[in-house]
Chemist: 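The structure that follows is given in the form of structure tokens.
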Amino acid sequence: MISTGNKIINNLSDYEKERTSFSWETVGRDLDLGPEGSGNNITHLAVDCHAQGKLKEIVAFRFINKDKTWEDFSYLRLKEETSRFANVITGLGLQKGETVFSLAGRIPQLYITALGTLKSTAVFCPLFSVFGPEPVFQRLHKGEAKILVTTLAIYEKTVKQLEERLPSLRNIILTDIEEHRSEKILSWKRLMNEASPDFQIPPTSPEDPALLHFTSGTTGMPKGALHVHKAVLTHYITGKYVLDFHPGDIFWCTADPGWVTGTSYGIIAPLVNGVTSVIDQEEFDAMRWYSILEEQKVNIWYTAPTAIRRLMRMDIKPREKFKLDALRVILSVGEPLSAEAVLWGEKNFGMPILDNWWQTETGGIMIANYPAMQVRPGSMGKPLPGIQAATAEVTEDGLKFIKENGKQGHLVLKKGFPSLFRTYLHEEERYNKCFVGDWYVTGDLAKMDEDGYFWFVGRADDIIKTSGHMVGPFEVESTLMRHHAVAEAAVIGKPEPSIGELVKAFIVLKPGNEPNEDLKLDITGFARKHMGPAVAPKEIEFVESVPKTRSGKILRRLLKARELGLPEGDISTLEKT
Ligand code: AMP
């Protein structure tokens with residue numbers, strides 16, 4: 001860090017210069033990465049190397065409890081706890097490359113599970129604790145979970161009923177029971193107490209699988225995007241350039257690790273950069289959030305448009321009620337951040353909110369507004385040094401790059417950066433379909449202006465973004481069709497200002513069922529029970545039929561156009577009913 005008096009000099013102060021001289025090899029050398037060795041392991045770089053050096057006593061994680069008291073984990077304590085966990089799972093017979101899942105809120109055990117699993121060279125996969133049994137089953141099944149870490153309450157409510165359908169799930173570790181219940185259902189406390197705090201990290205190749213994140217698909221069940229240890233290079237460099245970490249910084253990433261942001265930036269990036277993270281175990285509450293910013297003297301705050309919109313609506317003038325002098329950088333990701341929100345940040349915090357873009361598959365931030373660069377409100381910013389982004393038409397003959405400024409096309413990224421996913425688990429064909437030549441086609445539509453800033457246009461597919469969650473319509477439709485009265489279902493995202501899009505289902509009933517309010521309530525209850533409130537439809541409409549192509553695919557695009565009163569577009573493949 002270079003600090004002149006109170007003024008901090010941003011890590012990325014000359015974007016163009018850095019972009020020209022950047023190489024991933026240099027970042028690898030900075031982190032001392034080699035071909036094989038424990039030094040390549042994410043947890044070595046995030047925790048152990050700091051615990052052996054001068055950051056040993058520095059707080060790595062501060063977990064804030066409901067009553068605002070907190071529990072600190074220094075880098076040294078985190079090293080010991082994650083070593084204990086690595087010993088626990090190794091002792092349970094877990095092999096390199098096998099998968100440990102977590103299903104819990106933002107409790108310390110989740111974070112220890114993540115880092116301890118990586119340390120052992122097994123693969124870590126976090127799930128949202130708000131998921132109902134069906135989404136949990138789909139993911140545990142596809143990810144071939146061997147060990148699951150969860151709480152007693154979630155186990156009783158969600159997991160217990162799935163156990164028979166998950167024969168390869170060998171152990172369930174409950175964070176809050178005192179004693180083991182059986183050979184399978186084990187007590188975290190007991191296991192951790194009996195484990196040694198020393199663990200020798202096995203040799204790790206930069207290409208060894210590390211993290212599995214599920215993301216929603218349009219046509220099938222969720223896809224498991226697999227990332228490798230080398231992704232840490234992106235976490236490290238984006239922490240430096242985009243989040244602008246400096247020694248001594250207090251960072252708050254509000255995302256849950258169930259979403260990739262809460263892992264890449266809620267766990268790995270701040271640790272690799274040796275800063276302190278605060279983690280609030282509670283859900284959004286405007287006054288609580290502002291008071292955490294004040295009391296914890298947060299310097300860098302990474303959040304999402306869905307929270308920003310809620311804060312904007314409440315019209316609290318934060319700087320009149322709270323002392324927020326420590327705040328230096330505010331960032332947002334996950335959905336489009338309106339120009340109005342960027343300016344609201346300027347007015348209410350004295351700094352613009354910096355939008356950035358990335359997705360589960362890219363593992364880390366790809367396009368960003370940087371603290372030292374002129375912000376264009378409403379734009380996602382410019383590609384990270386080391387990342388080549390473009391807009392293109394996808395044609396039968398390959399990509400046709402768009403030359404005209406401001407013309408919309410598919411947002412594509414050149415392959416070859418460390419955090420790009422390596423596969424969709426067990427779905428090589430689905431994975432291959434994402435690539436055209438040397439380019440990864442992101443599924444988003446964007447425009448680029450004359451100065452190289454990217455502007456988000458929308459998704460190229462039917463995936464719904466609701467309150468920051470990616471929801472695949474197919475997954476919701478499949479569950480709805482298990483309700484006794486439902487013959488067919490088609491699901492779309494309907495724009496809704498406060499949550500981005502709401503999940504709306506069009507339902508065709510089986511003969512003999514009356515389309516009335518009681519049935520709507522019953523189907524809603526069924527959906528919430530099986531999928532959880534984050535995924536279940538918020539709106540249901542009964543219809544006589546759903547539009548389909550001649551080959552039988554639901555034309556969600558047409559349903560959406562009709563819903564919004566927009567032109568219907570090309571309906572040549574529509575099946576006449
Ligand atoms: P996820 O994989 O759940 O993180 O979702 C990734 C998707 O969220 C992207 O493909 C975009 O559709 C959307 N997204 C993420 N960041 C932004 C942003 N800054 N502006 C607009 N959309 C975004």
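Quick note: numbers below take in every heavy atom, side chains included, and nothing from hydrogens, waters or symmetry partners. For the single chain, residues carry numbers from 1 onward in sequence order. Whatever order the structure lists ligands and atoms in, that order sets their numbers, starting from 1.
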Chemist: Using a 4.0 Å heavy-atom cut-off, which part of Asp444 comes near ligand 1: side chain, backbone, both, or neither?
Modeler: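 Just the side chain.
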Chemist: Would you check whether Ser332 has a nitrogen or oxygen atom less than 3.5 angstrom from a nitrogen or oxygen atom of ligand 1?
Modeler: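 For ligand 1, there is no N or O atom that lies under 3.5 Å from one belonging to Ser332.
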Chemist: Among all protein heavy atoms, pick out the one at the shortest distance from atom 1 (P) of ligand 1; state its residue, atom name and that distance to 0.1 Å.
Modeler: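 Heavy-atom neighbour on the protein nearest atom 1 (P) of ligand 1: Thr360 OG1, 3.5 Å.
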Chemist: Is there at least one pair of N or O atoms, one from Glu361 and one from ligand 1, spaced under 3.5 Å apart?
Modeler: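 No, Glu361 has no N/O under 3.5 Å of an N/O on ligand 1.
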Chemist: Please assess Trp289 against Phe284 for the test ring pair (Phe, Tyr, Trp, His ring centres under 6.0 Å), listing each intermediate value before the final yes or no.
Modeler: CA-CA 7 Å; Trp289 275 32; Phe284 175 88; 4.8 Å; yes
Chemist: Just checking, is any N or O donor in the side chain of Thr362 or Tyr440 under 3.5 Å from an acceptor N or O on the other one?
Modeler: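 Side chains of Thr362 and Tyr440: no pair found under 3.5 Å.
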Chemist: Can you tell me which portion of Met470 lies within the under-4.0 Å heavy-atom range of ligand 1? Options are side chain, backbone, both, or neither.
Modeler: side chain
Chemist: How are the rings of Phe421 and Phe435 set to each other: parallel, tilted or perpendicular (split at 30° and 60°)?
Modeler: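 The arrangement is parallel - the two ring planes meet at less than 30°.
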Chemist: Hey, which atoms in ligand 1 end up nearer than 4.0 Å to a heavy atom of Trp259?
Modeler: 1 (P), 3 (O), 4 (O)
Chemist: Where is the nearest protein heavy atom to atom 6 (C) of ligand 1: which residue, which atom, and how far?
Modeler: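 Heavy-atom neighbour on the protein nearest atom 6 (C) of ligand 1: Gln359 CB, 3.3 Å.
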Chemist: At less than 4.0 angstrom from any non-hydrogen atom of Pro336, what atoms of ligand 1 do you find?
Modeler: 20 (N), 21 (C), 22 (N)
Chemist: For Asn356, take its heavy atoms, then give the atoms of ligand 1 lying under 4.0 Å from any of them.
Modeler: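 Under 4.0 Å from Asn356, ligand 1 has these atoms: 16 (N), 18 (C), 19 (N).
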Chemist: Could you check whether any heavy atom of Thr442 sits closer than 4.0 Å to an atom of ligand 1, since that is the contact criterion I want to use?
Modeler: no
Chemist: So that I can tick it off, tell me whether Lys504 and Glu496 are bridged by a salt bridge, with the cut-off set at under 4.0 angstrom between side-chain N and carboxylate O.
Modeler: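 A salt bridge is absent here (no side-chain N lies under 4.0 Å from a carboxylate O).
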Chemist: Under 4.0 Å from a heavy atom of Gly334: give me the atoms of ligand 1 that qualify, with their elements.
Modeler: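 Answer, ordered by atom number: 8 (O), 13 (C), 14 (N), 15 (C), 16 (N), 17 (C), 23 (C).
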Chemist: Can you classify the ring geometry of Trp252 versus Trp301 as parallel (below 30°), tilted (30 to 60°) or perpendicular (above 60°)?
Modeler: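 Rings of Trp252 and Trp301: parallel, under 30°.
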Chemist: Give the ring-plane orientation class for His469 versus Phe131, where under 30° counts as parallel, over 60° as perpendicular and anything between as tilted.
Modeler: tilted
Chemist: Apply salt bridge (charged side-chain N to carboxylate O under 4.0 Å, His left out) to Glu335 and list each qualifying residue two or more places apart in sequence or on a separate chain.
Modeler: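 Here the qualifying residues are Arg309.
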Chemist: Give the residue and atom name of whichever protein heavy atom lies nearest to atom 5 (O) of ligand 1, and the separation in Å to one decimal.
Modeler: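 Minimum-distance protein heavy atom for atom 5 (O) of ligand 1 reads Lys465 NZ, 2.9 Å.
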Chemist: Counting non-hydrogen protein atoms only, what is the nearest one to atom 18 (C) of ligand 1? Give residue, atom name and distance.
Modeler: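 Here the nearest protein heavy atom works out to Glu335 O, 3.4 Å.
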Chemist: Go through the steps to decide whether Thr391 and Gln408 satisfy the test side-chain hydrogen bond (donor to acceptor under 3.5 Å, both in side chains), and finish with yes or no.
Modeler: CA-CA 7 Å; Thr391 50; Gln408 159 181 335; over 6 Å; no
Chemist: May I ask you to decide if Asp244's main-chain N or O and Arg328's side chain share a donor-acceptor pair within less than 3.5 Å?
Modeler: yes
